[in-house]
Enquirer: 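Following this message is one structure expressed as structure tokens.
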Amino acid sequence: MRATPALYHKGFWGRSLDEFKRLSKIALTSEGIKGPLGPKPLHSFAEPDSIGDTKLMCDVDIGGFSRASLDWIPASPADGSPAHARFHGSISTALPPNKPDIQRSGFAAWRTRDQPPNLFGRAVWDIDMYTYLAMRVKSDGRSYFVNVQTESVVPSDLHQHRLFTKRPGEWETVLIKWNDFVRTNHGFVVEPQTEILRQKVKSLGIGLTDRVPGPFELCIERMWATNNIREADGHEEHLTEEALSKEAARQGGLKSKSGKSVKWSD
């Protein structure tokens, strides 16, 4: 993965000015009282240097044999694809030799890097006024997880949710309620559960931990926060109690330390 040269990033005062403009806009438009005026961009892969704002992780870091890459792909007028990131590679569950302490392998993931500080402190996303995390993706149908990290008391905590897609191989917009994310630590559900700290979101990412050997590929254009359920492809399917009841029974890959599976609603 190519690192982004320093010249692409704004300096401390530039970031501080951007944050001042953002806070001023909220005050002038009374967003804190009336609510947000529109969607909130979180991360976009519209430009090549956007890859440099991410971190790639894989079990090769602990001696495993999975492989993962995150590449920037330019827009293609031929098939209508937007500029996006391609998360791809191959999962292997083979354990590293001569490392008896490693009992489990077969994962790959990426996340956005922590945002650099500014005059107002550590930069984080405040999504408290939004209901959904929205993503424009094209999936191969494998069981990916969306990972959200906040300024938690326990730094290794993650809030996770299955990425349910309906049309593998096609671009689609997926919405997940922020309140539906599950707090986990090292792959296990944490009890007691606590709500996601919506005012202090540090990073967003996607991981694959289904431990199914073989190739994978997930393309993502952008991620944003929204209150508009109509942005989701096929949102009409979610409007009946019967549909919601059926979806609530879908099984995910997360389990508690006692072995109980997590059930999801998408």
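Note that these values count all heavy atoms, side chains included, but never hydrogens, waters or copies made by symmetry.
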Enquirer: From S156 OG over to Q149 CD, what is the distance, rounded to the nearest 0.5 angstrom?
Expert: 8.5 Å
Enquirer: V201 and M135: same hydrophobic cluster, using ILVMFWY side-chain contacts below 4.5 Å?
Expert: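 The answer is yes; both residues are in one hydrophobic cluster.
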Enquirer: Is any side-chain heavy atom of H43 less than 4.5 Å from a side-chain heavy atom of F45?
Expert: yes
Enquirer: Can you find a pair of side-chain heavy atoms, one from T54 and one from L70, that are under 4.5 Å apart?
Expert: yes
Enquirer: Between H84 and W171, is there a side-chain heavy-atom distance shorter than 4.5 Å?
Expert: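 When only atoms from C-beta onward are counted, H84 and W171 do touch, with a gap below 4.5 Å.
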Enquirer: Is there a path of hydrophobic side-chain contacts, each under 4.5 Å between heavy atoms of I, L, V, M, F, W or Y residues, that connects L204 with W72?
Expert: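 Looking at the clustering, W72 is in the same group as L204.
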Enquirer: For D53 and R113, what are the C-alpha separation, side-chain angles and deciding distance, and is it a salt bridge (charged side-chain N to carboxylate O under 4.0 Å, His left out)?
Expert: CA-CA 6 Å; D53 292 327; R113 292 186 180 275; over 6 Å; no
Enquirer: Would you indicate whether the side-chain heavy atoms of Y132 and N179 approach each other to under 4.5 Å?
Expert: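 N179 vs Y132: side chains apart.
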Enquirer: Determine whether I102 and F107 fall in the same hydrophobic cluster, where Ile, Leu, Val, Met, Phe, Trp and Tyr are linked whenever their side-chain heavy atoms lie under 4.5 Å apart.
Expert: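 Yes, same cluster.
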Enquirer: Applying side chain to side chain donor-acceptor pair (under 3.5 Å), run through T226 and E231 and close with a yes or a no.
Expert: CA-CA 8 Å; T226 184; E231 292 187 45; 2.5 Å; yes
Enquirer: How many angstroms lie between atom CG of D157 and atom OG1 of T194, to the nearest 0.5 angstrom?
Expert: 7.0 Å
Enquirer: Does any non-hydrogen side-chain atom of W224 lie less than 4.5 Å from one of R136?
Expert: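 Side chain of R136 against side chain of W224, heavy atoms only: contact under 4.5 Å found.
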Enquirer: Can a donor-acceptor pair be found, under 3.5 Å and without considering hydrogens, that links the side chain of S66 to the backbone of S92?
Expert: yes
Enquirer: What I'd like to find out is whether the side chain of D140 reaches to under 4.5 Å of the side chain of P168, using heavy atoms alone.
Expert: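 The answer is no; the side chains never approach within 4.5 Å.
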Enquirer: Does any non-hydrogen side-chain atom of Q193 lie less than 4.5 Å from one of E191?
Expert: yes
Enquirer: Around atom CG of N98, are there more than 12 heavy atoms from other residues, nucleotides or ligands closer than 6.0 Å?
Expert: no
Enquirer: Between R142 and D210, does a side chain to side chain contact (heavy atoms under 4.5 Å, CB included) hold up when you go through it step by step?
Expert: CA-CA 8 Å; R142 293 187 62 152; D210 61 6; 2.8 Å; yes
Enquirer: Do L42 and I127 come close enough that some side-chain heavy atom pair is under 4.5 Å?
Expert: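 Side-chain contact under 4.5 Å: yes.
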Enquirer: To the nearest 0.5 Å, tell me how far I73 CD1 sits from I51 CD1.
Expert: 8.5 Å
Enquirer: Start with the C-alpha distance between T165 and Y144, add both sets of side-chain angles, then the distance that settles side chain to side chain contact (heavy atoms under 4.5 Å, CB included), and finish with yes or no.
Expert: CA-CA 10 Å; T165 54; Y144 295 92; over 6 Å; no
Enquirer: Please check if W110 and L158 belong to a single hydrophobic cluster, counting links between Ile, Leu, Val, Met, Phe, Trp and Tyr side chain heavy atoms closer than 4.5 Å.
Expert: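 In one cluster with W110: L158, no.
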Enquirer: Could you tell me if D71 and S69 have a donor-acceptor pair between their side chains, going purely by distance under 3.5 Å?
Expert: no
Enquirer: Which heavy atom in H159 sits nearest to a heavy atom in I196, and how many Å separate them?
Expert: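 Smallest interatomic distance, heavy atoms only, reads NE2-CA, 3.6 Å.
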Enquirer: Taking D128 for the side chain and R198 for the main chain, is one N or O donor matched with an acceptor at less than 3.5 Å?
Expert: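 A pair under 3.5 Å: no.
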Enquirer: Tell me the closest heavy-atom pair linking K202 and V124, and the distance in Å.
Expert: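 So the minimum-distance heavy-atom pair works out to CG-CG1, 4.2 Å.
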Enquirer: Mind checking the NZ-OG1 spacing from K55 to T112? Nearest 0.5 Å is all I need.
Expert: 11.5 Å
Enquirer: With R183, which of V189, V148, T150, V154 fulfils side-chain contact (heavy atoms from CB on, under 4.5 Å)?
Expert: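 So, applying the side-chain contact (heavy atoms from CB on, under 4.5 Å) to R183 and each of V189, V148, T150, V154, only V154 qualifies.
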Enquirer: Is there a donor-acceptor contact under 3.5 Å from the side chain of S105 to the main chain of A94?
Expert: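 Side chain of S105 to backbone of A94: a pair is present.
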Enquirer: Would you find a donor on one side and an acceptor on the other, under 3.5 Å apart, between the side chain of S139 and the backbone of G141?
Expert: yes
Enquirer: Step by step, work out the side chain to side chain contact (heavy atoms under 4.5 Å, CB included) result for V60 and R67.
Expert: CA-CA 7 Å; V60 71; R67 294 292 182 268; 3.4 Å; yes
Enquirer: Treating Ile, Leu, Val, Met, Phe, Trp and Tyr as nodes and any side-chain heavy-atom pair under 4.5 angstrom as an edge, say whether L208 and F65 lie in one connected cluster.
Expert: no
Enquirer: Rounded to the nearest 0.5 Å, what separates atom CD in Q160 from atom CD1 in I206?
Expert: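 If I round to the nearest 0.5 Å, the distance is 12.0 Å.
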Enquirer: Within the distance-only criterion (no hydrogens, no angle test), does the side chain of R111 pair as donor or acceptor with the backbone N or O of G207 below 3.5 angstrom?
Expert: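 The answer is no, because no donor-acceptor pair under 3.5 Å joins these two groups.
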Enquirer: One thing to verify: whether R86 and E217 come together as a salt bridge, which I'm taking to mean a side-chain N less than 4.0 angstrom from a carboxylate O.
Expert: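 Counted as a salt bridge, because a side-chain N and a carboxylate O are separated by less than 4.0 Å.
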Enquirer: Once rounded to the nearest 0.5 Å, what's the spacing between atom CD of E172 and atom NZ of K138?
Expert: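 Going from CD on E172 over to NZ on K138, the span is 11.5 Å.
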Enquirer: Under 3.5 Å, side chain of N185 to main-chain N/O of V190, donor-acceptor pair present?
Expert: no
Enquirer: Please confirm whether the backbone N or O of A108 pairs with a side-chain atom of D59, one donor and one acceptor, at under 3.5 Å?
Expert: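 Not at all, since once roles are kept as given, no pair shorter than 3.5 Å links the two residues.
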Enquirer: Verify salt bridge (charged side-chain N to carboxylate O under 4.0 Å, His left out) between K40 and D126, making sure each step is shown before the conclusion.
Expert: CA-CA 10 Å; K40 179 184 181 69; D126 182 355; over 6 Å; no
Enquirer: With side chain to side chain contact (heavy atoms under 4.5 Å, CB included) as the criterion, how do E221 and S44 come out once you've worked through the C-alpha distance, each side chain's angles and the decisive distance to 0.1 Å?
Expert: CA-CA 6 Å; E221 177 194 1; S44 169; 5.8 Å; no
Enquirer: With a 6.0 Å cut-off on ring centres, are H186 and F188 close enough?
Expert: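 Distance test on ring centres: not under 6.0 Å, no.
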